[in-house]
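Below is one structure, written out as structure tokens; the observations come after it.
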Amino acid sequence: MADLLSATLPVVSDPVTVGGVTLELVPPTSIVSLGAFAGAGRDELVGRVRAEFGVDLPDVSRAVRSSYGNVAFLWNGPTQWLVVGEDSGELFSRLQKCCGDVCALTSQGDSRTILRLSGMGAREVATRLLPIDLHGQVFSTDCVASTLAGHIPVIVWQTAQTPAYDFLVFRSFASSLFHDLSVALNGHTFSETDHYA
Amino acid sequence: MRLTCPFCGSRGLEEFTYRGDATVRRPSADASQEAWVDYVYLRDNPCGPHRELWYHGAGCRSWLVVTRDTRTHQILDVRNARDVMLAERMSPEGKGEGS
Ligand SMILES: [Zn+2]
């Protein structure tokens, strides 16, 4: 029998707090991508999700949250969405029943990791890495953007007014992004908090 | 240089990849060898507005048709390539396969 790989966290650093802004690894989350099939797939998918989760899939770069379970739908490109929910197999099987025949469903839970930056001043820290405008007038709660944090591709989701930002990042880049964000958190200096693996 | 993606808004050049001339069209399978050589190898090098394909790889991963002035880098228009293709198929001149 094959040896199973032991489960290790993508980031081993403890949460870092500097000046009221906290950077932390979000506990494992279920992430599933939806890609509507060509033709009538998109409209059919929107209808199915509305029936099962009570929300309309966004057609602009935003997230909508379903009150039927702790689930959010993030726009991730034309006819593509990411579903983010609690860590269990339940979300995937629920989606499979709901819309598995009208879209490509792919589990991204092992692909994406979420880092959270929160607290007063989080915007200033995020702005040091992100090339997009995060001003509250143009980027507010539940706004989503696919962009680059330095050289690392990320999906940024503002999850709270405070503000708080969730960075959905490829697992293999999570440690580097944690490092880059902790440097941004400390101004431009290296410090003791810089003990990423 | 910045491009205004129809889906993501104004973004820096580092998020995009240049693909090439957006005006070439695939000839029909029985077209002459000259037409195929032209399609595969020959490109105009215009001085002024030109339509180009760009890929928003670090954003929404859409293909875009960008009209750029090659003298000034002024961006005159950005459209979703899929919409451009569908509009072309609907138009009276719309022809060619796989374009
Ligand atoms: Zn885009």
Side-chain angles (χ1 to χ4, degrees), chain A residues 33-42 57-63 73-82 104 106 108 111-112 127-140 143-158 167-170 173 176-177 180, chain B residues 1-23 25-26 29 51-68 72-91 94-99:
Chain A
S33 62
L34 306 181
F37 291 149
R42 186 190 187 287
L57 289 172
D59 53 11
V60 292
S61 198
R62 293 193 64 88
F73 295 84
L74 278 63
W75 186 91
N76 189 37
T79 72
Q80 292 185 44
W81 295 269
L82 285 180
T106 314
Q108 305 289 351
S111 151
R112 295 273 181 177
T127 301
R128 288 183 177 144
L129 287 180
L130 296 173
I132 59 167
D133 190 357
L134 295 177
H135 191 280
Q137 282 180 354
V138 291
F139 202 89
S140 53
C143 281
V144 171
S146 297
T147 185
L148 295 169
H151 64 289
I152 300 174
V154 291
I155 298 167
V156 188
W157 171 23
Q158 183 169 343
F167 290 76
L168 282 71
V169 59
F170 293 122
F173 286 147
S176 295
L177 182 64
D180 289 356
Chain B
M1 193 170 101
R2 293 180 72 82
L3 293 173
T4 301
C5 172
F7 302 105
C8 305
S10 174
R11 296 295 180 89
L13 190 60
E14 69 278 7
E15 293 195 5
F16 299 88
T17 311
Y18 175 75
R19 166 63 178 75
D21 192 331
T23 64
R25 292 294 176 269
R26 186 186 177 87
R51 287 204 294 153
E52 304 168 328
L53 282 168
W54 289 77
Y55 178 60
H56 195 187
C60 61
R61 302 178 308 280
S62 291
W63 285 95
L64 305 172
V65 175
V66 175
T67 308
R68 179 178 67 96
T72 60
H73 296 312
Q74 188 188 1
I75 305 301
L76 303 164
D77 189 41
V78 183
R79 286 165 201 244
N80 184 13
R82 185 180 162 78
D83 294 342
V84 172
M85 178 200 71
L86 291 174
E88 207 167 278
R89 278 191 190 165
M90 302 300 265
S91 78
K95 59 178 184 338
E97 53 187 72
S99 60

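So that the names make sense, note that chain A is the first sequence line, chain B the second, and so on, each numbered from 1.
- By a heavy-atom distance cut of under 4.5 Å, A/Pro131, A/Ile132 are the residues of residues 129-139 of chain A near chain B, going up by number.
- Within 6.0 Å of CZ on B/Arg61 lie more than 12 heavy atoms contributed by other residues, nucleotides or ligands.
- Around CZ of A/Arg62, the count of heavy atoms belonging to other residues, nucleotides or ligands within 6.0 Å exceeds 12.
- When side chains are defined from C-beta on, B/Cys8 does not count as touching A/Ser61, because their heavy atoms never get closer than 4.5 Å.
- The two atoms that bring B/Cys60 and A/Pro78 nearest to each other are O-CD, 4.0 Å, heavy atoms only.
- B/Arg11 touches chain A through its side chain: at least one heavy atom from C-beta onward sits under 4.5 Å away, while N, CA, C and O do not.
- Not counting sequence neighbours, B/Glu14 has no partner by the salt bridge (charged side-chain N to carboxylate O under 4.0 Å, His left out) test.
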